[in-house]
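This is a predicted model, so every value here is computed, not measured.
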Amino acid sequence: MGKTYKLTILLAYLLMVAMETNAKVKLPQFFQSGMVIQRGKPVPVWGQADAGEKITIRINKFKTVISADSNGKFRTDLPAMKAGGPYTLMIGDIVLTNVLVGDVWLCSGQSNMDVTIERVYPQYTKEIDQLANNQVRLFRVQNETNTHGIQEDIRPTSINWKPLTKKNAWLFSALGSFLGKRMQEENGVPQGIIVNSWGGTPIEAWISADSLQRDYPLLVEKTRIYQNDDFVKAQAKANQLADQRWNELLNEKDPGIKEHFTSFDYDDSSWKTVNQYSMEWAKKNGRGIIGSIWLRQHIHVDKAHAGKPARLLLGTLFDADYTYLNGKEIGRTYYQYPPRRYDIPEGMLREGDNVITIRFINKYGIAHFIKEKPYMLAFGDDRFSLNPMPTDFIPLNENWKHHTGADMPSCPSGDVSLQNLPTTLYNAVVYPLAPYAIRGVVWYQGESNTGNPAPYADLLRKMMNNWRTLWKDPKLPFCIVQLANYMESSEQPQHSNWAQLREAQRQVAENDPHAALAVAIDLGETVDIHPLRKKELAERVGLCLDKLAYHKNVLLSPQPLSAKVENNQVVVTFDQPLRPDEQAEFEIAGTDNKFVNVKAVSKGNQVLLESDISEPATIRYAWKDNPIRAHLYSTKGLPAAPFELKITK
């Protein structure tokens, strides 16, 4: 009798649970097994079900039953929880397992946030080989645009709360991966890294129409032009057909296709020899050749290296290339930025003569090799590393055999890059994320706004206020990553849009109590807009988040407090002690606003500057595209931010 009674109670309980959880619900893409939910604050849970349907929600010891509204929508908040897990989260008939409670960071911006672990692997081979932390989960928002208005959810994605491993992070943001690892090891709680970025996008694409309408109405109107889907599809199709036809004509016209320039046995003795850095070989009648250009190089491989696997490092090329070894294609890249690292399988390299052939294809500009990049055949287990460089390698020669391919007209195209239009990314990939609970935002963007940096500070403030309003969190922390040094250096003062935009980033961070600046002025590269040192940058971003989110007493990069004239010197006072040293990249201007270089020395928390200007009015530091001589550091080893400051008497 006792057993029958217990069985009856058990069946009744199971029936009750089944009745409670039979609601067929649809959840936003964020809600998946393996997810990380934010600790220490209420966690919104929302979704779709049948109108009036009851939905039971359970996690840990918490349980609630809610009803969908007349439109089938439901929303409730889980109570604030301490870090921990894994837990099982039940929402109606959906069971999510392996759920962690910790800190969630939204990492957004353009291509430098996009740069993957695969791209930076040669910089950190050993560390990346050992990446494995189940307490760090990665989520990649799938790129999407919407010109019509806000949408309710994001698209499905392939990286959806995957644990941090080399494999899972390979095509994930390097900065995001290193940041998650750093924050978990530093704080000992689970970390969720959401990356929501798109290369080449301007800041206005990430801001709502309402936020732009008053001060930038023409930006909003610009997007409205593309609200005709038939027009967008027709233009995209026309571009596709034009590109297809252009390539067909290129291949028909290119003598290298007909005469097999890629063949190992091809006789290139009559080809002209050119230096790869000359660029004259890529011009005709003074302009860059649009079409194709062929280069060949013979390289001798000794018996010790013949047949061994290798990696061909071809630096970075402009723009597209198809690369061959002994007549077989070993790699291709369709645009200028990715480094050319082409793996050569075992048995492919011959003893003696080998031939590397490059077919450049340019639709604009001038084909060229990028200086300061490695050009070699690398062997051995360290051939994947650039830090340190491979120890067993055969350098490539700067001289190549050259033959013009097909000289083509420009490829016609109409711009349908919807991701670059105002509001389109806010509509499609920002609005749907809220109100998912997050701890803070990392914003790494600005390169695409350097053409017109004047409104950037205002736009950045609008975006931050826009997102804080969306998440209903006026104190939502923002770490702003300042643009790194890039392009040719100059010893003389220069007008720099990059410096102006950096100053906008600095000013916004300085005047916002819930924002901080991660300075990267010493982490860039002269010839690469996508510098590799993302781990060092992640450490600086982590310090910003330590201060903003955890209220730790940490010092960030030195910031100037004042600049005054004292005893015939200009004295700049900073917020912390500096490394004592002679300093470069300081400039002073008088009332005429003409800047000149000045001698400077750092001492204590000040920099003392000597100047012959009778009435110094403005001081600048590191105000260049690439202030390569800048080395003003705090005693903690962080670089000072570039700045411009008025001088007071």
Side-chain angles (χ1 to χ4, degrees), residues 108-114 145 147 197-226 336-337 364-365 413-427 430 443-467 478 480-488 490 493-512 515 517 519-521 524 529-530 587 589 593 595 618 620 622-627 641-645:
S108 193
Q110 58 178 109
S111 55
N112 266 302
M113 183 63 81
D114 266 343
T145 62
T147 59
S197 54
W198 196 328
T201 53
I203 190 172
E204 54 267 29
W206 298 91
I207 306 175
S208 72
D210 289 345
S211 299
L212 293 173
Q213 183 63 54
R214 189 188 71 177
D215 297 322
Y216 304 95
L218 289 182
L219 288 181
V220 179
E221 290 298 311
K222 183 179 179 181
T223 302
R224 291 184 64 187
I225 296 172
Y226 291 85
Q336 62 174 309
Y337 292 117
Y364 69 99
S413 66
D415 185 14
V416 287
S417 299
L418 300 182
Q419 73 274 15
N420 296 331
L421 294 175
T423 78
T424 56
L425 297 183
Y426 175 86
N427 292 340
V430 177
W443 179 248
Y444 193 175
Q445 189 276 341
E447 296 91 340
S448 290
N449 287 90
T450 54
N452 180 25
Y456 191 82
D458 184 52
L459 290 170
L460 181 54
R461 282 190 290 268
K462 277 182 165 53
M463 189 205 78
M464 292 163 63
N465 291 334
N466 185 191
W467 290 20
F478 273 81
I480 302 166
V481 180
Q482 195 181 45
L483 293 186
N485 52 306
Y486 173 55
M487 295 185 287
E488 291 295 325
S490 171
Q494 65 177 187
H495 171 78
S496 169
N497 284 3
W498 279 63
Q500 189 177 342
L501 195 135
R502 290 187 194 110
E503 178 66 359
Q505 294 172 317
R506 189 186 74 86
Q507 290 283 357
V508 170
E510 182 179 36
N511 293 306
D512 189 316
L517 189 72
V519 178
I521 198 61
I529 200 171
H530 303 121
E587 308 165 7
N593 209 37
F595 285 87
T618 310
R620 285 176 173 173
W623 195 270
K624 295 172 181 173
D625 298 336
N626 185 9
F643 65 87
E644 180 179 81
L645 200 62

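Between W467 and F478, the two ring planes are tilted [angle within 30° to 60°]. Between Y486 and W498, the ring planes are tilted. Angles from 30° to 60° get that label.
The backbone N or O of Y226 sits less than 3.5 Å from a side-chain atom of T147, completing a donor-acceptor pair.
The NE2 atom of H530 sits 6.0 Å away from the OH atom of Y337 when rounded to the nearest 0.5 Å. Expressed to the nearest 0.5 Å, how far CH2 of W198 lies from OG of S108 amounts to 12.0 Å. The distance from the CE atom of M463 to the CD1 atom of I480 is 7.5 Å, given to the nearest 0.5 Å. Once rounded to the nearest 0.5 Å, the distance linking CD1 of I225 with CG of L421 reads 8.5 Å. Note that CG of L218 is 11.5 Å distant from CG of L212, once rounded to the nearest 0.5 Å. Atom-to-atom distance recorded for E503:CD and Y456:OH is 13.5 Å, nearest 0.5 angstrom.
In this structure, the side chains of W443 and L460 come closer than 4.5 Å at one or more pairs of heavy atoms. A heavy-atom distance below 4.5 Å is not found between the side chains of N112 and V481. Within the 4.5 Å cutoff, no side-chain heavy atoms of F595 are placed close to those of Q494. Looking at heavy atoms from C-beta onward, L501 lies out of side-chain contact with N497 at the 4.5 angstrom threshold. You'll find the side chain of R502 reaches within 4.5 Å of the side chain of I521, heavy atoms only. Within the 4.5 Å cutoff, the side chain of T450 has heavy atoms near those of the L483 side chain. Residues Q500 and H495 meet the side-chain proximity criterion, which asks for heavy atoms closer than 4.5 Å.
D210 and S208 form no side-chain donor-acceptor contact under 3.5 Å, judged by distance and modelled atom types alone. In summary, the side chains of W623 and S496 do not present any donor paired with an acceptor at a separation below 3.5 Å, with no hydrogens or angles considered. D114 and S197 are linked by a side-chain donor-acceptor pair at a separation below 3.5 angstrom, with hydrogens and angles left out of the test.
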### Message
Could you walk me through whether Y426 and I207 satisfy the side chain to side chain contact (heavy atoms under 4.5 Å, CB included) test, starting with their C-alpha distance in whole Å, then the side-chain angles of each, then the deciding distance to 0.1 Å, before giving a yes or no?
### Response
CA-CA 5 Å; Y426 175 86; I207 306 175; 5.7 Å; no
### Query
Is there a side chain to side chain contact (heavy atoms under 4.5 Å, CB included) between E204 and L459 once you walk through the steps?
CA-CA 7 Å; E204 54 267 29; L459 290 170; 4.1 Å; yes
### Query
So V519 and L517, side chain to side chain contact (heavy atoms under 4.5 Å, CB included) or not? Walk me through it.
CA-CA 6 Å; V519 178; L517 189 72; 4.0 Å; yes
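Checked against E644 for a salt bridge (Lys or Arg N to Asp or Glu O under 4.0 Å), the options R620, K624, R506 give a single hit: R620.
Counting all heavy atoms, side chain and backbone alike, Q110 lies closest to Q445 at OE1-NE2, 3.2 Å. Residues M464 and V508 come closest through the heavy atom pair SD-CG1, 3.7 Å. Heavy-atom minimum distance, N449 versus P202: OD1-CA, 3.4 Å. Here the shortest heavy-atom pairing between N485 and A520 reads OD1-O, 3.8 Å. Closest non-hydrogen pair, N466 versus S211, comes out as CG-OG, 3.3 Å. Counting all heavy atoms, side chain and backbone alike, P422 lies closest to T223 at O-OG1, 2.6 Å.
Contacts of E221 classified as side-chain contact (heavy atoms from CB on, under 4.5 Å), with partners at least two apart in sequence or in another chain: R224. Remark: P217 pairs with Q213 by the side-chain contact (heavy atoms from CB on, under 4.5 Å) rule, at least two apart or across chains. For N427, the side-chain contact (heavy atoms from CB on, under 4.5 Å) partners are N146, I150, T423, not counting sequence neighbours.
Using a 4.0 Å cut-off between a side-chain N of Lys or Arg and a carboxylate O of Asp or Glu, K462 and D215 qualify as a salt bridge.
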